[in-house]
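All values below come from the heavy atoms of this structure, side chains included, with hydrogens, waters and symmetry mates left out. The sequence lines fix the lettering, A, B, ..., with proteins before strands; numbering per chain opens at 1.
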There are 2 protein chains.
Amino acid sequence: MTTYYEEYSKVLVSVDCIIFGFDEGELKILIGKRKMDPGRDQWSLYGGFIHDEESVDDAANRVLFQLTGLRNIYMRQVGAFGNVDRDPGERVISIAYYALINVKDYDSNLQEEHGLKWVPVNDLPQMYSDHNTMVAKAHKMMQRKISHEPISFNLLPKLFTLTQLQKLYEAVCGEKVDKRNFRKRIKEMDFIEKTELIDKTSSKRGAYLYRFNKMAYNEDPNFKL
Amino acid sequence: MTTYYEEYSKVLVSVDCIIFGFDEGELKILIGKRKMDPGRDQWSLYGGFIHDEESVDDAANRVLFQLTGLRNIYMRQVGAFGNVDRDPGERVISIAYYALINVKDYDSNLQEEHGLKWVPVNDLPQMYSDHNTMVAKAHKMMQRKISHEPISFNLLPKLFTLTQLQKLYEAVCGEKVDKRNFRKRIKEMDFIEKTELIDKTSSKRGAYLYRFNKMAYNEDPNFKL
DNA sequence: CCAAAAGTGTTCCGCCTACACCCATGC
DNA sequence: GCATGGGTGTAGGCGGAACACTTTTGG
C-alpha cells in the first residue's frame with residue numbers, strides 16, 4: 001500500500017532539552033560539548049532524534065531520562081525551531097523542551113558520563129546553532145509562569161526554607177523582592193505548609209522547612225507570587 | 001558524501017493554521033471540509049506540508065498566503081503536535097500557528113475556492129485529528145496576549161470605533177467589561193489615536209474612528225487592557 | 001559578645017471597580 | 001418624539017509596595 005502523502009519529503013526531527021536547576025543561588029542549565037560533527041566541541045543543549053514509535057513528548061521524556069535517570073520530570077514544550085540552515089549537517093527541525101529538576105536529585109555520575117556542566121543562565125557561552133535562542137525563549141516562558149503556577153517546587157527539595165524559595169524566585173526573575181511582602185503572599189497559600197522541621201545548614205538560628213502540598217493545591221489552585 | 005544522521009528516520013512535518021477573524025461580534029476561525037483521505041469530509045484546519053527549502057515559519061506564511069492572498073499577517077507559533085497516531089494515514093508531526101486577520105480584507109473568492117467557512121470559536125464542530133486541541137491552545141495563548149500586547153488591531157480595519165474594539169476584547173476573553181473603564185484605559189494609551197472621522201454604519205449618532213499608531217507604540221510600548 | 005540569617009506588621013498610595021445619565025441622530 | 005448606540009466622571013475599597021527592628025545561636 002502506498003501512502004497518500006508520498007509526494008512530500010520528510011525531515012529529521014529532534015528534541016532539545018533545556019534543563020533548569022537551582023544551585024548556589026543561581027538558575028543554571030545543563031550543557032555539554034557536542035560530540036559529533038558538525039559543530040564538534042561546541043557548547044550545546046542535550047538532545048536526540050525522534051523515534052518512529054514515540055510521540056514528540058515521549059521523545060523528550062526519553063532524552064531527559066537518558067540524561068538524568070529521572071522520571072516524571074516537570075517538562076513543557078518551548079516550541080519548534082525550523083530554519084532551513086539551523087543545522088549545518090542536514091535539515092533538522094528541532095522541538096525544544098524545558099525541564100525543571102532539583103539539582104540534588106541529579107546523579108552526578110551521569111553528569112560525568114555525558115560530560116555535562118551546570119552553567120548560569122545569565123552567563124552562557126555561545127552555543128551550537130540556535131540553542132541560545134531556545135534557552136532565551138524557555139527562560140522567558142518560565143519567568144512568566146513562575147508567578148502564576150506552582151512550578152518552583154520542581155527546582156527545590158521536597159522540604160525547603162522560605163529563604164530558599166525566595167532566592168529561587170529572585171534568580172528566575174532577575175530581581176530582588178521584599179522579604180516581608182514575599183512571606184505575606186506565601187502565608188495566603190495554604191498549600192505551602194510549614195513543618196515542624198528546622199534546617200540549620202544555612203544559619204545558626206535555623207529556619208523552618210516548608211513543603212508543597214499538591215493535593216491541597218488541587219482543591220484550591222490559587223497561586224500568586 | 002553520506003550524512004552523519006543517516007541512521008535516524010525522517011518524518012513528514014506539516015503546518016496547520018488557525019485563522020482568527022472577528023465578525024458579527026464573534027471570534028471565528030476559518031475551517032473547511034478535508035479533501036483527502038484519510039478523514040475526507042471531516043472539518044479541519046487548513047494546512048500543508050513543509051518544503052525542503054523553506055523554514056517552518058516560511059511554510060506557515062506560504063500556507064496562509066495560499067489561503068488568504070495576504071502577506072505580512074500577524075502570526076505566532078502555537079506549538080508542535082506529535083502524537084504517533086495523530087494522523088491515521090502516516091506519521092505526521094504538525095506545527096500549529098495562529099494568525100489574526102481582518103475579515104474584510106479577506107477575499108471571499110478564495111474562501112469559496114477552498115470551501116472554507118467562518119465558524120465561531122465557541123461553537124466548533126468536532127474536527128479532524130487533534131485540531132480541536134490546537135484551536136483551544138491557540139485561543140488560550142491569544143487570550144493571554146490580548147491584554148498585554150496590541151494584537152487586537154490585526155483583527156480590525158485600520159480605522160475602528162471604540163465599541164468595536166471593546167466588543168472584540170469581550171469576544172476574545174469571553175466576558176463583558178465596563179464601557180467607561182475600558183475607555184479610560186484606552187485614553188491612557190497615546191498610540192491609540194482618535195481621528196476626526198466618524199463611522200455612522202452602526203449608529204445614528206455616529207462614533208469616532210480610531211487608529212493604532214505603530215510608530216508611537218514602539219516609542220512607548222505600554223499596552224494594558 | 002558579635003556576626004549572620006530568620007522572622008515579623010503597619011502605613012500609604014495608586015489602581016481597579018462599580019456605577020447612571022445625557023447626547024446626537026435617523027426614522 | 002422615541003429608539004438606538006455613543007459618550008462621559010467620581011467615589012470607595014482593595015491590594016501591592018515601601019519600610020526596620022528583634023530573635024536566635026554558633027563560634
Side-chain angles (χ1 to χ4, degrees), chain A residues 22-26 143-144 146-148 152 156-157 159-190 192-211 220-225, chain B residues 22-26 143-144 146-148 152 156-157 159-171 173-190 192-211 220 222-225:
Chain A
F22 180 60
D23 184 37
E24 297 176 326
E26 285 187 298
Q143 274 183 343
R144 270 197 295 271
I146 204 171
S147 299
H148 307 295
S152 323
L156 293 171
L159 295 170
F160 51 87
T161 67
L162 293 188
T163 304
Q164 278 179 295
L165 185 60
Q166 181 180 345
K167 293 297 172 206
L168 166 57
Y169 183 75
E170 290 174 343
V172 171
C173 295
E175 52 189 24
K176 296 230 167 290
V177 300
D178 181 86
K179 181 165 58 158
R180 280 175 287 189
N181 293 336
F182 185 81
R183 284 167 185 240
K184 205 182 309 170
R185 293 195 290 266
I186 297 294
K187 238 175 225 145
E188 275 160 21
M189 296 186 265
D190 294 338
I192 302 180
E193 296 173 343
K194 188 176 188 171
T195 69
E196 290 308 309
L197 305 168
I198 289 182
D199 169 89
K200 301 202 88 167
T201 59
S202 63
S203 78
K204 294 159 185 172
R205 174 176 175 177
Y208 279 105
L209 286 163
Y210 286 70
R211 102 162 56 89
D220 179 27
N222 288 328
F223 188 90
K224 190 81 187 192
L225 270 186
Chain B
F22 180 60
D23 185 37
E24 296 174 327
E26 285 187 299
Q143 273 183 344
R144 270 198 294 272
I146 203 169
S147 298
H148 308 294
S152 323
L156 293 171
L159 295 171
F160 51 86
T161 68
L162 294 187
T163 303
Q164 279 180 294
L165 186 61
Q166 182 180 344
K167 294 295 173 207
L168 165 57
Y169 183 75
E170 290 174 344
C173 296
E175 51 189 25
K176 295 228 167 293
V177 300
D178 181 86
K179 181 163 58 158
R180 280 175 289 191
N181 293 337
F182 184 81
R183 284 168 185 241
K184 205 183 311 171
R185 292 195 289 268
I186 297 294
K187 240 176 223 145
E188 274 158 24
M189 297 186 262
D190 294 338
I192 302 180
E193 296 173 345
K194 188 177 188 171
T195 68
E196 289 309 309
L197 305 168
I198 289 180
D199 169 87
K200 302 202 86 167
T201 58
S202 63
S203 78
K204 294 158 186 172
R205 175 176 173 177
Y208 278 105
L209 287 163
Y210 286 71
R211 103 162 55 89
D220 180 26
N222 289 327
F223 188 90
K224 190 81 187 191
L225 270 186

If you measure from the Lys or Arg side-chain nitrogens to the Asp or Glu carboxylate oxygens, is any gap between A/E170 and A/K167 under 4.0 Å?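 Salt bridge present between A/E170 and A/K167.
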Is a donor on one side and an acceptor on the other found under 3.5 Å between the side chain of A/Q143 and the backbone of A/V172?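 Yes, A/Q143 side chain to A/V172 backbone: donor-acceptor pair under 3.5 Å.
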Any residue meeting side chain to side chain contact (heavy atoms under 4.5 Å, CB included) with B/R180, in chain and number order, not counting sequence neighbours: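 If we apply the side chain to side chain contact (heavy atoms under 4.5 Å, CB included) test to B/R180, skipping adjacent residues, the hits are B/D178.
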Holding to side chain to side chain contact (heavy atoms under 4.5 Å, CB included), I want the full list of residues that pass it with A/P221, two or more places apart in sequence or in another chain.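 Listed in chain order: A/Y217.
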First and last nucleotide of DNA chain C, 5' to 3', lying under 4.0 Å from heavy atoms of chain B: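 Under 4.0 Å from chain B, the extent on DNA chain C is C/dT17 to C/dG26.
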Rounding to a whole Å, what distance do you find between [X]:[atom1] and [N]:[atom2]?
{"X": "A/K224", "N": "D/dA17", "atom1": "NZ", "atom2": "P", "value": "10 Å"}
{"X": "A/D178", "N": "D/dA20", "atom1": "CG", "atom2": "P", "value": "10 Å"}
{"X": "A/K200", "N": "D/dT25", "atom1": "NZ", "atom2": "C1'", "value": "6 Å"}
{"X": "B/E188", "N": "D/dG9", "atom1": "CD", "atom2": "P", "value": "14 Å"}

How would you list, by chain and number, every residue that makes a ring pair (Phe, Tyr, Trp, His ring centres under 6.0 Å) with A/F160, sequence neighbours excluded?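 Only A/F153 meet the ring pair (Phe, Tyr, Trp, His ring centres under 6.0 Å) criterion with A/F160.
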Taking only side-chain N and O atoms of B/K204, does any of them lie within less than 4.0 angstrom of OP1 or OP2 on D/dG6?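 Looking at the OP1 and OP2 atoms of D/dG6, neither is under 4.0 Å from any side-chain N or O of B/K204.
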Return the minimal non-hydrogen interatomic distance between [X] and [Y], and the atom names on each side.
{"X": "A/L225", "Y": "A/I146", "answer": "CD1-O, 4.2 Å"}
{"X": "A/L156", "Y": "A/F22", "answer": "CD2-CD2, 4.0 Å"}
{"X": "A/Y169", "Y": "A/V177", "answer": "CE2-CG1, 3.8 Å"}

Does any residue of residues 166-177 of chain A have a heavy atom under 4.0 Å from DNA chain C, and if so, which ones, in number order?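 Nucleic-acid contacts, sorted: none.
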Looking across every strand, which nucleic acid part, if any, lies under 4.0 Å from A/S202 by heavy atom: base, sugar-phosphate, or nothing?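 Result for A/S202 = sugar-phosphate.
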Assign B/T161 to base, sugar-phosphate, or nothing according to its heavy-atom contacts below 4.0 angstrom with the strands shown.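 It contacts nothing in the nucleic acid.
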With the threshold set at under 4.0 Å for non-hydrogen atoms, list the residues of residues 179-187 of chain A touching DNA chain D in residue-number order.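 Under 4.0 Å from DNA chain D: A/R180, A/N181, A/K184, A/R185.
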Drop me the distance from B/E188's CD to B/F223's CZ, to the nearest 0.5 angstrom.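 The CD atom of B/E188 sits 12.5 Å away from the CZ atom of B/F223.
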Nearest 0.5 Å, please: how far is CD1 in B/I198 from OH in B/Y208?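 If I round to the nearest 0.5 Å, the distance is 4.5 Å.
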Do B/L159 and B/D199 have side chains that get closer than 4.5 Å, going by heavy atoms?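 Sidechains of B/D199 and B/L159: no contact.
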